[in-house]
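Data first, discussion second: the structure below is written as structure tokens.
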Amino acid sequence: MLPPGGPPPAHPPMPVGPPQGVMADATTAAVAVLLIGPAGAGKTTVARHWADTRRVPTAHISLDDVREWVRSGFADPQSGWNDHSEAQYRLARRTCGFAARNFLANGISCILDDAVFPDRPVVGLGGWKRHVGPGLLPVVLLPGLDVVLERNAERTGNRRLSDEEVARIHGRMAGWYGSGLPIIDNSQQDVATTARLIDEAVARTLAGW
């Protein structure tokens, strides 16, 4: 039975970071960052470094790692995107989102990484925002194609793609230009510098710039 006056108000989303217009120290603010980029962009390496070197507790959550928790029956998207692989992707994204919210509720920041496409809603930004919350801070990592191909060639197992697939994904990621999201070209940047650029992008976003 509902209390007099109707149902109780829904709990508002947990705030992430300081109010807009207030310059934040991105190295200590409690944030949830989503690092977007094509295969070979260096997302996982940079995300781990960023989480390892912050001055406050920070977790790294990799969507690929969570997808690969499924051992028997793993639906490898490289074998073709179908209902099975899409269902496992959605499940992994929900799992990552739950983990991120749980970390934030316990005062631990997090950085998630995924190849989010600007033109494909199924693997788009909207799903991440639904599962993590409106405070999610997306940052795009987009080096040049030659760099991405070189890095992909060093990968093994499920993580290594064909050159044709890498080029196709990289081309679609160019759609993030003009989106308003911060974009970092880390073609000539080392991991530490790229992590610092993420801090700068997060600080600008938190300040409402």
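Along the sequence shown, the residues carry numbers beginning at 1. Computed from a predicted structure; not experimentally measured.
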Considering non-hydrogen atoms only, spot the tightest contact between I36 and P138 and give its length.
-> CD1-CB, 4.0 Å

Please examine the side chains of L35 and I198, heavy atoms only from C-beta on, and report whether any two atoms are closer than 4.5 Å.
-> yes

Would a distance-only check, ignoring hydrogens and angles, find a side-chain to backbone donor-acceptor pair under 3.5 Å from K43 to P38?
-> yes

May I have the step-by-step check of side-chain contact (heavy atoms from CB on, under 4.5 Å) for L181 and L125, ending in yes or no?
-> CA-CA 11 Å; L181 297 184; L125 190 55; 4.1 Å; yes

Check L206 against A29 and note the closest heavy-atom contact, atom names and distance.
-> CD1-CB, 4.0 Å

Report yes or no: does W69 contribute a side-chain atom to a donor-acceptor pair with the main-chain N or O of A92 at less than 3.5 Å?
-> no

Look at the side chain of N106 and the backbone N and O of N102, then say whether any donor-acceptor pair between them is shorter than 3.5 Å.
-> yes

So, for L145 and H170, which heavy atoms are closest and what is the spacing to 0.1 Å?
-> N-NE2, 3.5 Å

So, H60 and D113: side-chain donor and acceptor under 3.5 Å apart, yes or no?
-> yes

Polar side-chain atom of S109 near backbone of V31 as donor-acceptor pair, under 3.5 Å | yes

What distance separates Y89 OH from R67 CZ, expressed to the nearest 0.5 Å?
-> 9.0 Å

Check whether any side-chain N or O of N186 sits under 3.5 Å from a backbone N or O of V191 as a donor-acceptor pair, and report yes or no.
-> no

Find out whether P57 and F103 are in side-chain contact, i.e. whether some heavy atom of one side chain is under 4.5 Å from a heavy atom of the other.
-> no

Exercise: identify the closest heavy-atom pair between T205 and P182 | OG1-CG, 4.3 Å

CD1 of I61 to CZ of R93, rounded to nearest 0.5 Å, is 14.5 Å

Donor-acceptor pair, T28 side chain versus R55 backbone, under 3.5 Å?
-> no

Do L197 and V147 share a hydrophobic cluster (ILVMFWY, side-chain heavy atoms under 4.5 Å, transitive)?
-> no

Separation between NE2 (H49) and OG1 (T193), nearest 0.5 Å, reads 8.5 Å

Path from Y177 to V140 over hydrophobic side-chain contacts below 4.5 Å | yes

Does any non-hydrogen side-chain atom of L142 lie less than 4.5 Å from one of W176?
-> no

Say whether V148 and F117 are linked into one hydrophobic cluster, either directly or through other cluster members, by side-chain heavy-atom distances under 4.5 angstrom.
-> yes

Closest approach of P143 and S187, non-hydrogen atoms and distance?
-> CA-OG, 3.3 Å

Can L112 and L136 be said to form a side-chain contact (heavy atoms from CB on, under 4.5 Å), step by step?
-> CA-CA 10 Å; L112 310 102; L136 184 68; 4.1 Å; yes

Go through V132 and L34 one step at a time and tell me if the side-chain contact (heavy atoms from CB on, under 4.5 Å) criterion holds.
-> CA-CA 10 Å; V132 178; L34 175 63; over 6 Å; no

Taking atom CZ of R90 and atom OG of S85, what is their separation to the nearest 0.5 Å?
-> 11.0 Å

If we only count heavy atoms from C-beta on, is the W50 to D199 side-chain gap below 4.5 Å?
-> yes

Are the charged groups of E164 and R168 less than 4.0 angstrom apart, N to O?
-> no

From CD (Q188) to OG1 (T194), nearest 0.5 Å | 10.5 Å

Any side-chain donor-acceptor pair under 3.5 Å between S62 and D64?
-> no

Could you pull out the closest heavy-atom pair between V116 and G124, with the gap in Å?
-> CG1-C, 3.3 Å

Could you tell me the separation between the CG atom of L137 and the CZ atom of R204, rounded to the nearest 0.5 Å?
-> 12.5 Å

